Colleague: 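Here it is, the structure, as structure tokens.
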Amino acid sequence: MTTPCMDSPKRFGTVTRVLHWLMAVLFVWQFASVLTHFFAEDSALDSFLWPTHKSVGTLLMLLILVRILWALANTGRRPKPVSWLAGLGHSVLYVLMLAIPLVALLRQFGGGRAFSPFGIPFMPGFEGPKITWMVDLGSNFHGLLGWVLLAAIVGHVAAALWHYFSGEPEILGRIIGK
Ligand code: HEM
Ligand code: HEM
């Protein structure tokens, strides 16, 4: 059975569109927190945004898990990517969206300190030595992959706009819902 919630070969359904744009807004927030921390450390904006980085990142982790399950449930139904490169690009975005918060959360766990995103107890913390491989994995890859994702998002948005202005507005239309 197909409902407007589900994808169809002509357009993405409501759930895919809500997930896409909700996460797009959260990624803007997440990278705003990082860029402010990088370029304007200790500014008022940094003091406001940076303390939200771990909580918003954890929310993004939850949403990507839902998004992956939803994509799997809609396999074969969704619009085909415009090219093999677009398909590869979307797969890369999925892998990075999963790997980046995952290694950060492993580092957080391995550090042994309690963690309560949005004030909700999530990791109780533990006594004793840190779990080195988890801490190292996060420290080596979290930031690096984060910057790669930012570059991939810029490429993705540029490709979407390029299609729009070169006479293929229906490609943006199927994720906007027109
Ligand atoms: C998809 C979600 C996330 C994205 C896109 C993201 C992105 C980034 C980026 C680009 C940096 C800057 C790295 C640098 O300074 O070179 C960073 C730093 C950091 N992030 Fe995230 N992050 C996410 C989720 C999380 C989560 C869930 C946590 C912790 C629970 C976290 C904790 C940190 C910490 C502690 C730093 C500073 C240390 C470091 O550079 O690794 N992030 N993040
Ligand atoms: C202004 C920001 C954005 C615009 C204009 C935009 C545009 C689009 C368009 C036009 C499509 C449909 C492509 C097709 O049908 O082949 C799409 C799909 C997609 N976009 Fe974006 N996008 C934006 C932000 C993002 C962000 C921040 C991410 C993730 C980090 C993302 C990840 C994806 C993925 C994975 C798909 C494939 C459909 C899905 O599985 O949800 N997009 N986007």
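Counting from 1, the numbers follow the sequence of the chain as shown. Atoms within each ligand, like the ligands themselves, are counted from 1 in listed order. What you are looking at is a predicted structure, and each value in this text was computed from that prediction instead of being measured.
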Colleague: Would you find a donor on one side and an acceptor on the other, under 3.5 Å apart, between the side chain of Thr14 and the backbone of Pro4?
Modeller: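 Side chain of Thr14 to backbone of Pro4, a donor-acceptor pair under 3.5 Å: yes, one is there.
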Colleague: Which of the atoms in ligand 2, numbered in the order shown and given with their element, are less than 4.0 Å from a heavy-atom of Ile171?
Modeller: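 The atoms of ligand 2 under 4.0 Å from a heavy atom of Ile171 are 10 (C), 12 (C).
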Colleague: With a cut-off of 4.0 Å, which atoms of ligand 2 are near a heavy atom of Arg78?
Modeller: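 Near Arg78, the atoms of ligand 2 are 39 (C), 40 (O).
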Colleague: Report the C-alpha separation of Thr36 and Trp50 in whole Å, then their side-chain angles, then the decisive distance to 0.1 Å, and conclude whether the side chain to side chain donor-acceptor pair (under 3.5 Å) test is met.
Modeller: CA-CA 8 Å; Thr36 314; Trp50 185 243; over 6 Å; no
Colleague: Kindly assign one of parallel, tilted or perpendicular to the pair Phe31 and Trp147, based on the angle between their ring planes and the thresholds 30° and 60°.
Modeller: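 Rings of Phe31 and Trp147: tilted, as their planes differ by 30° to 60°.
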Colleague: Decide whether the shortest distance between a heavy atom of Phe12 and an atom of ligand 2 is less than 4.0 Å.
Modeller: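 Contact check Phe12 vs ligand 2: positive.
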Colleague: Would you find more than 12 non-hydrogen atoms of other residues, nucleotides or ligands less than 6.0 Å from Tyr164 atom OH?
Modeller: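 Atom OH in Tyr164 is not packed in, count stays at 12 or less.
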Colleague: Using a 4.0 Å heavy-atom cut-off, say whether Trp70 meets ligand 2 through its side chain, its backbone, both or neither.
Modeller: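 The answer is neither; Trp70 stays 4.0 Å or more away.
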Colleague: Do any N/O atoms on Arg174 end up under 3.5 angstrom from N/O atoms on ligand 2?
Modeller: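 Indeed, backbone or side chain, Arg174 has an N or O that close.
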Colleague: Of all the atoms in ligand 2, which lie at a distance below 4.0 Å from a heavy atom belonging to Arg67?
Modeller: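 Those atoms are 32 (C), 33 (C), 34 (C), 35 (C), 39 (C), 41 (O).
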Colleague: Please report the interatomic distance CZ(Phe39) to CG(Asp46), rounded to the nearest 0.5 Å.
Modeller: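 Rounded to the nearest 0.5 Å, the CZ-CG separation comes to 12.5 Å.
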Colleague: Sort by chain and number the protein N/O/S atoms found under 2.8 Å from atom 21 (Fe) of ligand 2.
Modeller: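 Near atom 21 (Fe) of ligand 2, below 2.8 Å, one finds His20 NE2, His156 NE2.
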Colleague: If you count heavy atoms of other groups shown closer than 6.0 angstrom to CZ of Phe141, is the number above 12?
Modeller: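 No, because the 6.0 Å sphere around CZ of Phe141 holds 12 heavy atoms or fewer from other groups.
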Colleague: Check the surroundings of atom CZ in Phe109: do more than 12 heavy atoms from other residues, nucleotides or ligands lie under 6.0 Å from it?
Modeller: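 Atom CZ in Phe109 is not crowded, with 12 or fewer foreign heavy atoms closer than 6.0 Å.
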Colleague: Do you reckon Leu172 sits in the same ILVMFWY cluster as Val28, going by side-chain contacts under 4.5 Å, direct or chained?
Modeller: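 They do not share one cluster, since no chain of ILVMFWY contacts under 4.5 Å joins Leu172 to Val28.
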Colleague: One pair per line, please: each N/O atom of ligand 1 matched with every protein N/O atom under 3.5 Å away, atom names first, then the distance to 0.1 Å.
Modeller:
| unit_1 | atom_1 | unit_2 | atom_2 | d |
| --- | --- | --- | --- | --- |
| ligand 1 | 16 (O) | Trp147 | NE1 | 2.9 |
| ligand 1 | 20 (N) | His53 | NE2 | 2.9 |
| ligand 1 | 20 (N) | His142 | NE2 | 2.8 |
| ligand 1 | 22 (N) | His53 | NE2 | 2.9 |
| ligand 1 | 22 (N) | His142 | NE2 | 2.8 |
| ligand 1 | 41 (O) | Arg107 | NH1 | 2.9 |
| ligand 1 | 41 (O) | Arg107 | NH2 | 3.0 |
| ligand 1 | 42 (N) | His53 | NE2 | 2.9 |
| ligand 1 | 42 (N) | His142 | NE2 | 2.9 |
| ligand 1 | 43 (N) | His53 | NE2 | 2.9 |
| ligand 1 | 43 (N) | His142 | NE2 | 2.8 |

Colleague: Using the side chain to side chain donor-acceptor pair (under 3.5 Å) rule, collect all pairs that involve residues 128-140, keeping only residues at least two apart or in two chains.
Modeller: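 The answer is none; no pair qualifies.
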Colleague: Give the minimum heavy-atom separation between Met61 and Leu102, together with the two atoms involved.
Modeller: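 Between these two residues, the closest heavy atoms are SD-N, 3.7 Å.
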Colleague: Tyr94 heavy atoms, cut-off 4.0 Å: which ligand 2 atoms fall inside?
Modeller: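 It comes down to these atoms of ligand 2: 35 (C), 39 (C), 40 (O), 41 (O).
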Colleague: For residues His142 and Ile100, report the shortest heavy-atom separation together with the two atoms involved.
Modeller: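 Smallest interatomic distance, heavy atoms only, reads ND1-O, 2.9 Å.
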Colleague: Any chance you could measure Leu93, atom CG, to His156, atom NE2, to the nearest 0.5 Å?
Modeller: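 If I round to the nearest 0.5 Å, the distance is 6.0 Å.
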Colleague: Residues in side-chain hydrogen bond (donor to acceptor under 3.5 Å, both in side chains) with Thr52, at least two apart?
Modeller: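 If we apply the side-chain hydrogen bond (donor to acceptor under 3.5 Å, both in side chains) test to Thr52, skipping adjacent residues, the hits are Trp29.
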